[in-house]
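So the structure is just underneath, and the comments pick up after that.
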Protein chains: 2
Amino acid sequence: MTVTLKQLAASLGLSPTTVSRALNGFPEVNPATRKRILQAAAEVEYRPNTRAKSLATGRAQAIGHVIPVSTSHEIVNPIFADFIAGAGETYSSAGYEMILRIVPDEEEARAYRDLVARGSVDGVMVHAPLRHDPRVALLSELGLPFLVHGRTSDVARPYSWLDINNQRAFRRATQFLTEFGHRRIALINGLENMDFVHRRRNGYLDALREAGLPVDEALMRNGEMTEPYGYRAVTEMVQLPDPPTAFLASSMIVAYGLRRGLADLGLRMGRDVSIITHDDDLSYLPNQGDVPVFTTTKSSVREAGRRAARMLLQLVEEPGTGPLTQLMESALVVGASTGPVRK
Amino acid sequence: MTVTLKQLAASLGLSPTTVSRALNGFPEVNPATRKRILQAAAEVEYRPNTRAKSLATGRAQAIGHVIPVSTSHEIVNPIFADFIAGAGETYSSAGYEMILRIVPDEEEARAYRDLVARGSVDGVMVHAPLRHDPRVALLSELGLPFLVHGRTSDVARPYSWLDINNQRAFRRATQFLTEFGHRRIALINGLENMDFVHRRRNGYLDALREAGLPVDEALMRNGEMTEPYGYRAVTEMVQLPDPPTAFLASSMIVAYGLRRGLADLGLRMGRDVSIITHDDDLSYLPNQGDVPVFTTTKSSVREAGRRAARMLLQLVEEPGTGPLTQLMESALVVGASTGPVRK
DNA sequence: AACGCTATCCAAAGCGCTTTGGAAATCATG
DNA sequence: CATGATTTCCAAAGCGCTTTGGATAGCGTT
């Protein structure tokens, strides 16, 4: 059964103090004794009780992820699983526990306060930041180390984040299309209140401006990034007097919807209509092959999870470390979904 | 800042004992005093320190989910996010923490032992059971309450699980197709070592037998359930001397691949070729509308998460409760992807 | 008036660990 | 060989809570 420090110490004829020091690598213990202790500990598979340890040390050895679930649309972000997987790997190997809280979004603030008050975590990861996100201010105030996956746009004080360069990615993607002669490019974006949506649009607008192309509101959409959303976008836009010849999609799933729409319309992707989508490189939606199916702005969200976790752990373990930030670039990977505009 | 029981007691001129009893609803405290205590506690937003509490009570108030990540294929199951979301809701409202461990699959057993030894959890959820899954025996031996999402096939002793009736679902789906006159039906299944894959195949085989149809190995595939996997399956099978007229897909993502394959081949889904897929009702892959795009065997994995969590909590809170099992049926929802066989 | 109950509160121990402040033994040093 | 410095160990307190085993006061009974 589970063996405690005290029992282990007794079985060795030593005090708990010495055993604890030996196990935790303190210097003041005879090498021979230490060896004996380590051996015995390994033999009985001793593991310190997490709760006791963290009560004594004051550190939770755990990182929290609070996932708000909107009671209205109930969408669970599909990138969530891969990000968590990446972050979780890092936590595990650093000896941290990952604790997840799924809460209705109106209770998110309370969840953070609760985690702090109960001393359940040493830091938290902030998911899916909004353009104006109150969480940054809240967490700064609470004094809990945190790292934002993404950014938010109106915060006075600096904070730590890891983001991909959404603006640059979408500017490059748009440029790529304009260079192929496309002049009517649609942007099938995510929900308006998300911060990344805003940045992607900026990149798109930058490129249009640089190419001297007009902005047409009719070619820009915001919505929950589902497959039917993509489908609807393309089937409706094709009926415009001057329909788009190219589409920028905000996710692979949306791109699937676009593709289906094109197929139903009898249009060939890459010839009649071009598509570029952002690809989070989700493990179950691979876009590979000699020539990938889609041209994408690609960036592994799993890798983002790994890096974000590493940064957060640093913030936790070295308090006073200035805000940490990291901007990941995404690759523009050319696949079969783009081509010169048809005359 | 964070206030402790002792501080709260001191500020009220009471002993920690009384405050603790008042907060935990014990009878031996004067109603007036209790009210005073509750008020003060609410005012300073007192929350008992989780670790201290669980050290004292011996209960972790936490449920573990161990997610093995294969180092070889690295696929994170897409249903994972929705299941977790469902389970998480339940845990939260029951006052339990959810702790997640992402571990390389060869270390999974160690992860369970570790969780037990450290006393980090009161129970665990077992994901993605294999046909022959060693975890059930391991966990029984460890004496840790657990619930399996799915089933495994060769375990002597009874265990608790929640599963969908995969066999029945796939039998009905196959029947539905045979009744439409299909005689060449392909089964695009998941990885062979997964338990549900086996059950689905059994359902499929049952229906073929009932319809007096021969089994053709060339029409059955196993593989990681990605979009390209579906695509490859259909494009290759169509070249068979006697190609299938209908496909059973094991997930929505696979069905997307099938659909793309058909489109590339110039075949119309629902007319030239029929498709039925299992639909886990993932929030970001909706299959709705007056006439859904796909005919599916549908069962919400989110709801499964909710129920599984409830069952697990019951096992944890009422030890000695016999093994709990629940078999959910999935609905056969008719969409636009099926039709009578073309002559 | 003495008694036993009951209601209400508290002191103290304990959960399993870490950590402070010695104590004892060993060592080098003059 | 006495002295101070090191090395090596341990007792005890403490982390924030629960819980056992009283203590005290107020109450109704006889």
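Labels below follow one simple rule: chain letters A, B, ... track the order of the sequence lines, proteins then strands, and each chain is numbered from 1.
Among the heavy atoms of the strands, none lies under 4.0 Å from Arg51(A). Within the 4.0 angstrom heavy-atom criterion, only backbone atoms of the sugar-phosphate kind lie near Thr57(A); the bases stay farther away. Nucleic acid contact for Ser20(A): base, since at least one base atom lies under 4.0 Å from a heavy atom of the residue.
Side chain of Val29(B), nearest nucleotide from dT8(D), dG16(C), dC9(C): dC9(C). Nearest nucleotide to the side chain of Arg21(B), out of dC10(C), dG16(C), dC17(D): dC10(C). Among dC9(C), dC17(D), dT19(C), the nucleotide with an atom closest to any side-chain atom of Phe26(A) is dT19(C). Distances from the side chain of Leu5(B) to the nucleotides dT19(C), dT18(D), dG16(D) place dT18(D) closest. Checking dC9(C), dT20(C), dG16(C) against the side-chain heavy atoms of Leu14(B) singles out dC9(C) as nearest.
Mapping Thr17(B) and Ala56(A) onto DNA chain C via the closest heavy atom, the residue that lands nearer the 5' end is Thr17(B). Residues Ala52(B) and Pro16(B) each lie close to DNA chain C; by heavy-atom proximity, the contact nearer the 5' end of the strand is made by Pro16(B).
Per the geometry, CG belonging to Leu23(A) stands 16 Å off P belonging to dG16(C), to the nearest Å. Straight-line distance from the CZ atom of Arg59(B) to the P atom of dC15(C): 17 Å, rounded to whole Å. We find that CG of Asn30(B) is positioned 11 Å from P of dC10(C), with the value rounded to whole Å. In this structure, the CD atom of Glu28(B) is 12 Å from the C1' atom of dT18(D), given to the nearest Å. One can place CZ of Arg34(A) at 14 Å from P of dT7(D), the figure rounded to the nearest angstrom. As rounded to whole Å, 8 Å separates atom P of dC10(D) from atom CD1 of Ile37(A). Between the CZ atom of Arg47(B) and the P atom of dG16(D) there is a distance of 17 Å, rounded to whole Å. Rounded to whole angstrom, the span from the CG atom of Leu55(B) across to the C1' atom of dC17(D) amounts to 8 Å.
Side chains of Tyr96(A) and Glu317(A): a donor on one and an acceptor on the other come within 3.5 Å. Looking at Asp195(B) and Thr152(B), their side chains never bring a donor and an acceptor atom within 3.5 Å of each other. No side-chain N or O of Ser54(B) forms a donor-acceptor pair with one of Thr57(B) less than 3.5 Å apart. Defined by atom type and a distance below 3.5 Å, a donor-acceptor pair is missing between the side-chain atoms of Thr90(A) and Arg306(A).
Within the structure, a side-chain polar atom (N or O) of Tyr46(B) is placed less than 4.0 Å from OP1 or OP2 of dC17(D). Close to dT18(C), at under 4.0 Å from its OP1 or OP2, lies a side-chain N or O of Lys53(A). Proximity of Ser15(B) to the phosphate of dC10(C): a side-chain N or O atom is located under 4.0 Å from OP1 or OP2. Here Asn49(B) does not reach the OP1 or OP2 of dC17(D): none of its side-chain N or O atoms lies under 4.0 Å away. Contact check, Lys6(B) against dC17(D): no side-chain N or O comes under 4.0 Å of OP1 or OP2.
Applying the 3.5 Å distance criterion, the base of dT8(D) shares no donor-acceptor pair with the side chain of Thr18(A). Judged by atom type and distance alone, Thr33(B) does not reach the base of dT8(C) through any side-chain donor-acceptor pair under 3.5 Å.
For the pair Arg47(B) and Asp114(A), the salt-bridge criterion is met [side-chain N within less than 4.0 Å of a carboxylate O].
Ring pair His65(A)/Tyr91(A): centre-to-centre distance below 6.0 Å.
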